[in-house]
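Read through the structure below, which is laid out as structure tokens, and then see the notes.
Everything numeric in this text was worked out from a predicted model, so none of it was measured.
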Amino acid sequence: MLGQLIFIPIYLHAWGGEKYGSWMICVGVTAYAAILDFGVSQAASNEMIASIAKRDQKTAQIWSSLAFWVAIGMSLAVGLMGICAAPYAIDFLGNRLGAGDSSQALYFCVVIQLALLVTFNMYICLIRAAGANATASWISVLAIFLEVVIPPCIALGGGTLAQAAAGLVVPRLLGLVICGYALRALAPWATVTVASREYLVRAKEILIPSAANLLQPGGVALFLQGSLVVIGSMLGPQVAAAFGVARTVSRLPFQLCYVFTRAQMPNLTKSISASDKEGFLRSFKPVVLIYFCLTVPMLFCFAIFGEWFLRAWTHETLSFSFALVGGLALCSVLHSGWHMLSAPLVARNLHGGFSVAYFVLVSVSLCALNAMPNLASCVALIAIMEFFALIVSWRQFKSLVFLRF
């Protein structure tokens, strides 16, 4: 979060608004790493937590093994698909996004980053499931810190888009090695891949929650990247850069809320599995307090002072309006709200209905964005989509509480 605040002006100073817009569009593709394992890592780790809570280590080991093989297989598939799509993607980067001579190296760096992220995310899920939530967080912090710091330093030193993208690969590769050693030290049994006929049975058990884990983060990634591409293609990279920068800052309070929500996920899984009402309230109350006492006030301040801050922050390189800033602040309030309400559903793999509804909303909204005449109307459409997502999540949340408690 601090890196996003500090380094965006450095990117703009080194590359300018148009080149930075191209960078955001290219690197934003890595957000899809969250869904490339078909949601199996998250669903399997939730079941792994439930198995550990029941002292059933054998079943927990099967879940960890299933997550491992799916992630490794998809990492290899990403590499193969990247090679097959290379001619078309490199042409798009070079001719449509202005990457020029850097397009080939930039493309393959992004493909490698995607493949690494699939396996890295799987390891993080398993480390959390093994009961070492803090360890998983520190490993993620290290990888993200290096990932945030290295590329802008390369850009400031006169580096190209491809060289900056290469700076993204190293931290996740380092993080992957650390994850492997950490999981082996924390839960040696979880690193043993077992040959079991139960794989197919277990995979069927988590088919629906895996699909939900595919659709919900997939919908978020699709909309974040898709809206940027649509706005960039309609209004130009300069406008896309302004939209992307303002949206990045508006999402910082949500990311802060996400940190606290993520930390409570194992506790929510345990309490819901055991129908422990007191444990559920003890785990969920801090998340609600963070949302109302920190996230919402921060976004209110952003709505009022954000336009002035963004203009000063980017040294007038990009153009911002109150409609853009205030609209994105409202979008983040709504987005943070439905994310908070859906957390208990995700924690116990009960978010299938919400995920389907959200993905449909995203798909319809992306199609509708193409008909919007200006940036303000695009932001208004996004706010409407987030509002409907909030309504759906509230209905699903009430159903969960009623059934379980």
Side-chain angles (χ1 to χ4, degrees), residues 1 3-32 93 96-99 152 161 219-255 298-299 302-336 361-387 389:
M1 290 162 59
Q4 289 172 334
L5 284 173
I6 295 170
F7 293 118
I8 285 179
I10 293 177
Y11 279 121
L12 292 171
H13 172 74
W15 287 340
E18 187 167 341
K19 195 172 183 180
Y20 178 60
S22 299
W23 165 261
M24 292 183 73
I25 293 172
C26 294
V27 176
V29 173
T30 57
Y32 293 113
L93 290 175
R96 295 290 300 276
L97 295 183
L161 293 174
V220 173
L222 177 64
F223 197 77
L224 288 176
Q225 183 67 6
S227 59
L228 197 64
V229 171
V230 171
I231 290 172
S233 63
M234 291 193 309
L235 305 174
Q238 190 85 1
V239 176
F243 171 74
V245 167
R247 188 177 65 182
T248 296
V249 179
S250 73
R251 284 177 59 82
L252 292 180
F254 157 71
Q255 290 174 330
M298 287 177 67
L299 286 167
F302 176 72
I304 297 175
F305 303 108
E307 183 182 357
W308 167 82
F309 169 76
L310 289 171
R311 289 182 185 276
W313 184 42
T314 59
H315 303 289
E316 303 287 343
T317 306
L318 300 172
S319 177
F320 303 94
S321 65
F322 177 76
L324 172 63
V325 174
L328 288 176
L330 175 61
C331 291
S332 285
V333 168
L334 298 170
H335 186 88
S336 302
L361 285 170
V362 165
S363 302
V364 172
S365 299
L366 279 178
C367 294
L369 271 180
N370 289 280
M372 295 296 105
N374 51 50
L375 188 56
S377 59
C378 290
V379 174
L381 177 63
I382 295 172
I384 293 171
M385 182 204 74
E386 299 287 8
F387 174 76

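- Contact record, Leu381 with Ala368: CD2-CB, 3.6 Å, taken as the closest heavy-atom pair.
- Residues Phe302 and Leu310 are in side-chain contact: their nearest non-hydrogen atoms beyond the backbone lie under 4.5 Å apart.
- Atom CZ in Phe309 sits 15.5 Å away from atom CD1 in Ile304 (nearest 0.5 Å).
- What you find for Cys378 and Met234 is that their closest heavy atoms are SG-CE, 4.2 Å.
- With contacts defined as side-chain heavy-atom distances shorter than 4.5 Å, the pair Val220/His335 qualifies.
- The structure places OG of Ser365 at 8.5 Å from CD1 of Ile384, a figure rounded to the nearest 0.5 Å.
- Phe223 and Met385 make their closest contact through CE1-SD, 3.8 Å (heavy atoms, listed as atom of the first residue, atom of the second, distance).
- Side-chain contact check for Val245 versus Trp313: some heavy-atom pair is nearer than 4.5 Å.
- Using a 4.5 Å cut-off on side-chain heavy atoms (C-beta onward), Met372 and Val230 make no contact.
- Closest of all the heavy-atom pairs between Phe387 and Leu334 is N-CD1, 3.8 Å.
- Under a 3.5 Å cut-off, the side chain of Ser332 and the backbone N or O of Phe254 do not form any donor-acceptor pair.
- Residue Asn374 holds its CG atom at 8.0 Å from CG of Leu235, rounded to the nearest 0.5 Å.
- Using a 4.5 Å heavy-atom threshold, the side chains of Phe243 and Val379 count as touching.
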Leu228 vs Arg247, side-chain contact (heavy atoms from CB on, under 4.5 Å): CA-CA, chis, key distance, verdict: CA-CA 10 Å; Leu228 197 64; Arg247 188 177 65 182; 4.2 Å; yes
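- Considering every non-hydrogen atom in both Leu324 and Ala242, the closest pair reads CD2-O, 4.3 Å.
- Between Ala329 and Ala303, the closest heavy-atom pair is CB-CB, 3.8 Å.
- The shortest distance between side-chain heavy atoms of Thr314 and Phe320 falls below 4.5 Å.
- Remark: the backbone N or O of Leu224 is paired with a side-chain donor or acceptor of Ser227 at under 3.5 angstrom.
- How far CG of Leu252 is from CG of Leu299: 9.5 Å, rounded to the nearest 0.5 Å.
- Interatomic distance, OG of Ser250 versus CE of Met298, reported as 11.0 Å (0.5 Å rounding).
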